[in-house]
Amino acid sequence: MATKNLLQAIHEGLAEEMRSDESVMVLGEDVGRAGGVFRVTQGLQEEFGEARVLDTPLAESLIVGSAIGLSANGMRPVAEIQFGDFITPAFDQIVNEAAKFYYRSNGAWNCPITIRAPYGAVHGGGLYHSQSIEAWFSNTPGLKVVAPTFPADAKAMIKSAIRDPNPVLFLEHKRTYRLIKEDVPDDNPEVPIGEARVHREGADITVVAYGLMLYTALEVADKLLEEQGLETEVVEPRTLYPLDKETILESARKTGKFLVVSEANLTGSVSAEIAAVVAREAFEWLDAPVMRLGSPDVPAAAFARPMMDHFVPSAEKIEAAMLELAAY
Amino acid sequence: MATKNLLQAIHEGLAEEMRSDESVMVLGEDVGRAGGVFRVTQGLQEEFGEARVLDTPLAESLIVGSAIGLSANGMRPVAEIQFGDFITPAFDQIVNEAAKFYYRSNGAWNCPITIRAPYGAVHGGGLYHSQSIEAWFSNTPGLKVVAPTFPADAKAMIKSAIRDPNPVLFLEHKRTYRLIKEDVPDDNPEVPIGEARVHREGADITVVAYGLMLYTALEVADKLLEEQGLETEVVEPRTLYPLDKETILESARKTGKFLVVSEANLTGSVSAEIAAVVAREAFEWLDAPVMRLGSPDVPAAAFARPMMDHFVPSAEKIEAAMLELAAY
Amino acid sequence: MAIGETRAHHEALGLDEDDLRRLYYHMLVARRVDERSWILNRQGKAAFVISCQGQEAAQVGAAYNLRPGYDYLYPYYRDSGMTLLLGQTPRGQFLSILGRAEDPNSGGRQMPGHFSDRGLNIVTTSAPVGVQYPQATGTALAFKMRGEDGVALVCGGEASTSGGDWHEAMNFAGIHDLPVVFLIENNVYSISTPAPAQVAGAIARRAEGFGFPGYEVDGNDVLAVYEVAREAFERARRGEGPTLIEAKTYRITAHSSDDDDRRYREREEIEEWRLKDPIVRFEKYLLENGVLDEAGRDEIDERIKAEVAEASAYAEKAPFAEPESVLTGVYAEA
Amino acid sequence: MAIGETRAHHEALGLDEDDLRRLYYHMLVARRVDERSWILNRQGKAAFVISCQGQEAAQVGAAYNLRPGYDYLYPYYRDSGMTLLLGQTPRGQFLSILGRAEDPNSGGRQMPGHFSDRGLNIVTTSAPVGVQYPQATGTALAFKMRGEDGVALVCGGEASTSGGDWHEAMNFAGIHDLPVVFLIENNVYSISTPAPAQVAGAIARRAEGFGFPGYEVDGNDVLAVYEVAREAFERARRGEGPTLIEAKTYRITAHSSDDDDRRYREREEIEEWRLKDPIVRFEKYLLENGVLDEAGRDEIDERIKAEVAEASAYAEKAPFAEPESVLTGVYAEA
Ligand SMILES: Cc1ncc(C[n+]2csc(CCOP(=O)(O)OP(=O)(O)O)c2C)c(N)n1
Ligand SMILES: Cc1ncc(C[n+]2csc(CCOP(=O)(O)OP(=O)(O)O)c2C)c(N)n1
Ligand SMILES: [Mg+2]
Ligand SMILES: [Mg+2]
């Protein structure tokens with residue numbers, strides 16, 4: 001048992017899988033000696049060698065494409081995309097290839113690959129080291145998209161992803177890499193892909209959030225409980241595609257007041273799907289409009305700090321939205 | 001004045017723009033002598049020459065990327081993607097480059113390109129000549145996504161797209177290319193990007209649809225009026241991103257019963273955004289859950305005809321959804 | 001090497017008469033299946049046909065080096081000559097063309113030409129051109145990591161070299177000396193676009209820039225293709241790395257049954273190439289070298305035609321999958 | 001051509017002493033701006049630095065052939081040596097590094113090194129490596145379509161040749177003989193990844209496969225780069241098509257201020273390359289050829305340092321854009 005941050009937890013999950021299964025390997029840009037630009041894979045090459053921790057050329061389509069081919073020949077590759085913003089050249093290999101391998105071959109070939117990608121706005125990152133990329137991939141049956149936030153979940157879910165017989169896109173919010181530490185026991189419980197988590201129960205309003213926004217939402221929820229006695233139920237999807245609709249709907253039906261917060265540009269984001277599901281299937285229970293809060297519809301977070309801070313939904317904005325909702 | 005189908009209308013819009021503006025050009029795979037696999041550009045090379053109607057290599061990232069560079073040097077290129085399913089290699093150039101040119105340069109550089117792409121399920125097309133690709137692009141500020149359905153609209157909107165100083169993704173549903181003809185007058189009125197169209201007014205329910213589903217919805221609306229006196233308001237977004245929220249909301253508020261139908265895989269589709277907007281901003285007017293109908297969450301339409309027909313939402317399914325809605 | 005006569009050198013290649021007859025048989029079976037597919041299309045029974053015709057020598061000559069079920073094949077949509085050689089059957093091909101439940105490639109989900117066979121290590125293919133190249137390098141890398149001598153053969157038309165995936169794979173294969181053979185079947189057209197508007201310079205020469213050998217070969221000469229491919233396979237098995245082969249050939253049919261090639265090419269050009277038909281050429285070689293006589297050839301053809309007729313008839317009667325089956329099999333279960 | 005001494009041949013190149021001083025001045029100004037940026041970073045004022053250091057000869061030598069505001073430049077993030085030569089200023093560079101409202105590239109929206117200047121035809125750049133290549137071919141094609149003799153210069157590191165975009169652009173440029181010059185600044189590393197793990201074969205040799213010339217040049221020799229680039233520009237202006245230039249150079253600093261290069265390279269290697277510093281080498285040439293004396297060199301350096309200090313001070317005092325400004329300018333108005 002030890003306390004670990006998100007980055008360490010993912011590292012540990014990877015290392016343990018590599019130890020227990022020789023077919024598990026890591027590939028990506030600078031994952032070897034450098035240990036990745038965020039150091040998630042630090043030390044893995046020393047332990048597992050240059051072949052199983054492979055520095056690839058700068059070519060994302062190749063990274064994912066070769067991972068597919070590795071998996072077709074018995075390996076369980078974990079491909080790292082250095083920044084989520086640069087996953088775009090691999091879009092074809094992910095949505096047209098990996099996601100359709102199983103279906104198109106009528107079940108003969110599957111594609112057990114994991115693609116890790118850091119996402120989200122970070123100071124100094126500018127337009128191209130900041131994007132929330134989940135919506136690009138959440139209309140693609142055959143693919144799974146997960147975005148755990150807490151370290152213990154992340155460790156468990158990187159293992160679930162690696163063991164999953166399907167392609168899994170594993171998203172890591174950059175600003176949460178070192179944000180908190182928590183106990184990650186050695187016999188950490190499994191977290192299956194597809195299960196949301198209720199972080200705190202509450203009867204008044206529901207807030208769904210993930211990534212950095214989840215931490216902020218939890219803080220605001222604490223504050224509003226203390227200050228105003230508002231009981232907020234906070235639900236983390238953990239898996240963004242396919243969604244755990246039941247858990248989300250259960251909460252929406254319970255509180256009747258629903259808000260989904262995400263850092264993505266609001267329009268066309270995954271929160272649209274979440275809102276649409278609630279609007280359809282919890283309608284009779286709703287006491288207020290289904291609310292969403294996201295980043296404004298501009299390309300991405302800017303470089304200059306004051307500009308970036310204006311972009312990402314702040315605690316103040318989340319609080320205002322929660323209070324607006326509660327007031328219905 | 002002449003009656004034209006969708007394909008002819010787009011062709012004519014292209015030809016007229018090329019005649020009136022020398023900087024307008026067409027590039028893509030097989031657009032020249034062959035006139036495109038759907039014949040939209042047939043005859044253009046004869047009239048405008050090999051340079052302005054350019055057969056490119058089979059490389060979608062190049063097609064869009066070179067269009068961007070052409071536009072940076074004074075041209076107004078219209079890039080054709082042979083099938084929407086193959087736009088994926090150009091994803092990076094579209095969402096990271098074209099869409100961000102203007103914003104990232106603080107307004108110094110813009111990117112007036114049009115990207116045409118046929119989409120939608122078609123018999124015999126199988127998984128890779130069938131996809132509804134609009135959701136991939138409808139979370140990207142800086143880009144516009146349009147999907148006109150009727151010939152006169154399409155002719156007007158291809159012109160609007162070409163003249164627009166921003167990148168526009170112009171989607172054409174393959175099964176509607178030759179489905180209907182309508183009058184497309186020579187002095188066809190302009191249709192600005194960003195404006196929805198109300199095809200028929202009605203007080204009972206609202207149906208939003210585009211592409212093939214729009215035709216089906218209109219037919220079912222006629223039938224239900226005749227058979228049951230149900231008054232359906234049918235709204236076509238025409239532009240999918242950014243949405244004409246006002247027109248959609250106005251209708252939702254009027255009828256209080258809202259259904260959006262699209263051919264895309266339901267989860268994560270553009271109809272999620274439309275439903276979310278209505279759930280948020282028309283909540284007080286709603287008499288029923290916000291309903292959606294789409295294709296099932298499977299990769300895409302299958303090759304074998306009976307399988308494909310099971311995939312695409314049928315008139316029966318649309319009728320059932322409309323009746324379910326009306327019954328609230 | 002210009003397109004010319006088939007060279008009389010099978011003994012030098014270590015091929016015996018059985019090998020020759022096998023090569024011939026598989027070229028011819030691919031042709032006859034293809035011809036029959038067009039008939040089904042004209043009869044309104046097959047929605048779509050995409051042909052191997054003209055490329056049988058390149059396909060059979062190269063794939064003859066594969067060990068079925070051990071080496072991996074990443075074919076492209078015209079490579080029925082390869083998949084039939086490896087062990088897929090005419091029946092399977094017709095089931096696929098007609099989209100029936102028993103279609104071995106996809107159960108009717110995919111268009112014809114989207115091959116897949118788990119047992120034969122034919123990796124499931126799709127339509128986006130070029131995606132197979134990075135995948136094949138990954139498969140080759142897995143062989144290398146495990147110290148096995150397997151080879152990945154990956155194929156495409158000349159236009160498949162225009163997309164980035166081909167290049168990324170060439171570079172990766174070169175860096176790691178991967179056991180992969182790149183076979184480009186340059187059939188002069190990409191739908192309507194002729195090679196000069198598609199390919200700058202020369203495909204075969206590009207291998208040099210990646211530090212491994214590239215060969216241009218007469219793609220209508222089955223023995224020439226076999227020879228250069230054998231060299232490539234042996235090189236790969238020795239752990240020396242990849243090889244690029246550009247087989248110069250010609251697409252005799254229209255791009256597909258949806259295409260009308262009169263828009264963009266002259267009939268004379270096709271007729272010229274018909275004279276270089278790889279099957280006719282190989283037949284001549286076999287006759288001249290006494291491997292076959294006319295009667296023997298006719299006997300093979302009759303046998304094939306009967307087999308094809310039976311297979312086609314079987315497929316025509318075979319049922320479609322249940323429409324509802326499209327809803328299942330999206331995710332593999334653990 | 002191995003990395004060696006700067007060859008005494010400026011007269012043969014048609015460069016006079018003013019040219020040489022201009023080249024020198026711009027190499028040095030780029031260096032001094034870069035050095036100052038690191039200080040701002042260490043002081044906690046600049047969030048991010050990405051350096052040109054070591055590559056100034058390649059950048060200034062190549063870009064000296066551009067006609068500012070007529071030809072187009074697609075630089076990559078290290079090319080401050082080029083943008084300063086074309087007419088961007090140290091002040092602009094610091095405004096960009098500090099993300100201020102007046103940042104000429106993006107008004108503080110983008111990270112440093114994402115150049116843009118409409119007046120100078122420096123096309124707005126981004127972070128995804130390699131995207132500039134297809135764009136540059138489009139720009140070159142527009143020149144060709146209008147019968148103008150403009151040239152597009154497009155640049156990247158050696159790792160930018162690993163992605164498909166580079167290759168698609170090379171092929172397209174080769175097919176249409178486009179007036180584009182591809183400059184690869186091969187500085188041995190892609191972040192931590194050394195060139196042998198990034199590049200198979202040899203970059204310069206790849207041009208051949210596309211039917212146009214490719215040159216490897218000592219990238220630390222400003223005159224050698226100028227010479228080969230001049231040839232390339234002239235070729236392009238004559239309508240004869242593209243050229244690929246691989247300038248062999250070295251990244252003296254860490255990849256960026258976020259990188260710790262001790263994880264992956266030896267200090268000795270860097271020290272070795274410092275001896276080949278392109279600025280020191282060119283200085284030696286100028287001194288030996290009597291173009292500059294020590295006093296003259298010091299005078300230039302002092303002038304530059306004063307200019308850099310002023311520019312940095314200006315930028316430090318300059319305001320940020322309004323936070324709300326992030327909300328505007330998403331779409332251009334008709
Ligand atoms: C990425 C992508 N773009 C476009 C297409 C449409 N398309 C299918 S085959 C083809 C031509 C391919 O030509 P080539 O590679 O020479 O193979 P050939 O058909 O001549 O054998 C095109 C453009 C596609 N399938 N994938
Ligand atoms: C498509 C893409 N993938 C990854 C990155 C992250 N990245 C930024 S620079 C770089 C290395 C580039 O190396 P090289 O091209 O040699 O240029 P150098 O930095 O050495 O000058 C990487 C991997 C990126 N910017 N874009
Ligand atoms: Mg071809
Ligand atoms: Mg480098």
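Protein chains get the first letters and strands the later ones, always in sequence-line order, with residue 1 at the start of each.
- In this structure, chain C has heavy atoms under 4.5 Å from both the backbone and the side chain of A/A51.
- Of the atoms belonging to C/R109, it is side-chain heavy atoms, and not backbone ones, that fall under 4.5 Å from chain A.
- Aromatic ring orientation, A/Y119 versus A/Y210: tilted (interplanar angle from 30° to 60°).
- The residue among A/G69, A/S61, A/A59, A/P165 with the most heavy atom pairs within less than 4.5 Å of chain C is A/G69.
- Using a 4.5 Å cut-off between heavy atoms, C/N105 contacts chain A through its backbone alone, with no side-chain atom that close.
- The closest donor-acceptor contact from the side chain of A/R116 to the backbone of A/E172 lies at 3.5 Å or more, if one exists at all.
- Proximity to chain C is limited to the side chain of A/N166, based on heavy atoms less than 4.5 angstrom apart.
- Considering only heavy atoms from C-beta on, A/V208 comes within 4.5 Å of A/P237 through its side chain.
- Contacts of A/R52 with chain C are made by both backbone and side-chain atoms, with heavy-atom separations under 4.5 Å.
- Proximity of the aromatic rings of C/F210 and C/H167 is defined here by a centroid distance below 6.0 angstrom, and this criterion is met.
- Here A/D153 pairs with A/R238 in a salt bridge; the nearest charged N to carboxylate O distance falls below 4.0 Å.
- With 3.5 Å as the limit, one finds no donor-acceptor pair spanning the side chains of C/Q110 and C/D103.
- Side-chain polar atoms of A/T41 and A/E80 form no donor-acceptor pair below 3.5 angstrom.
- Residues of residues 68-95 of chain C lying under 4.5 angstrom from chain A, judged on non-hydrogen atoms, are C/Y72, C/Y74 by number.
- Proximity to chain C (any heavy atom under 4.5 Å) is restricted, for A/L54, to the side chain, taken from C-beta onward.
- For C/E102 and C/R100, the salt-bridge test fails: no basic side-chain N is under 4.0 Å from an acidic carboxylate O.
- In summary, the side chains of A/E97 and C/S126 do present a donor paired with an acceptor at a separation below 3.5 Å, with no hydrogens or angles considered.
- Side-chain contact of C/Q135 with C/T139: a donor-acceptor pair under 3.5 Å is absent, judged by distance alone.
- Residues C/Q198 and C/T193 bring no donor and acceptor atom of their side chains to less than 3.5 Å of each other.
- Proximity to chain A at a heavy-atom threshold of 4.5 Å picks out C/V326, C/T328, C/G329, C/V330, C/Y331, C/A332 from residues 323-332 of chain C, in numerical order.
- At a cut-off of 3.5 Å, with distance as the only test, no side-chain donor of A/E273 or A/Y241 sits close to an acceptor on the other residue.
- The part of C/I122 that comes within reach of chain A is its backbone (N, CA, C, O), which places non-hydrogen atoms under 4.5 angstrom from that chain.
- For chain A, the option among C/N121, C/V131, C/T137 with the highest count of heavy-atom pairs below 4.5 Å is C/V131.
- If you check the side chains of A/E60 and A/Q82, you find no donor sitting under 3.5 Å from an acceptor.
- A cation-pi arrangement, defined by a distance under 6.0 Å to the six-membered ring centre and an angle within 45 degrees of its axis, is present between A/R197 and A/F150.
- Using a 4.5 Å cut-off between heavy atoms, C/H114 does not touch chain A at all.
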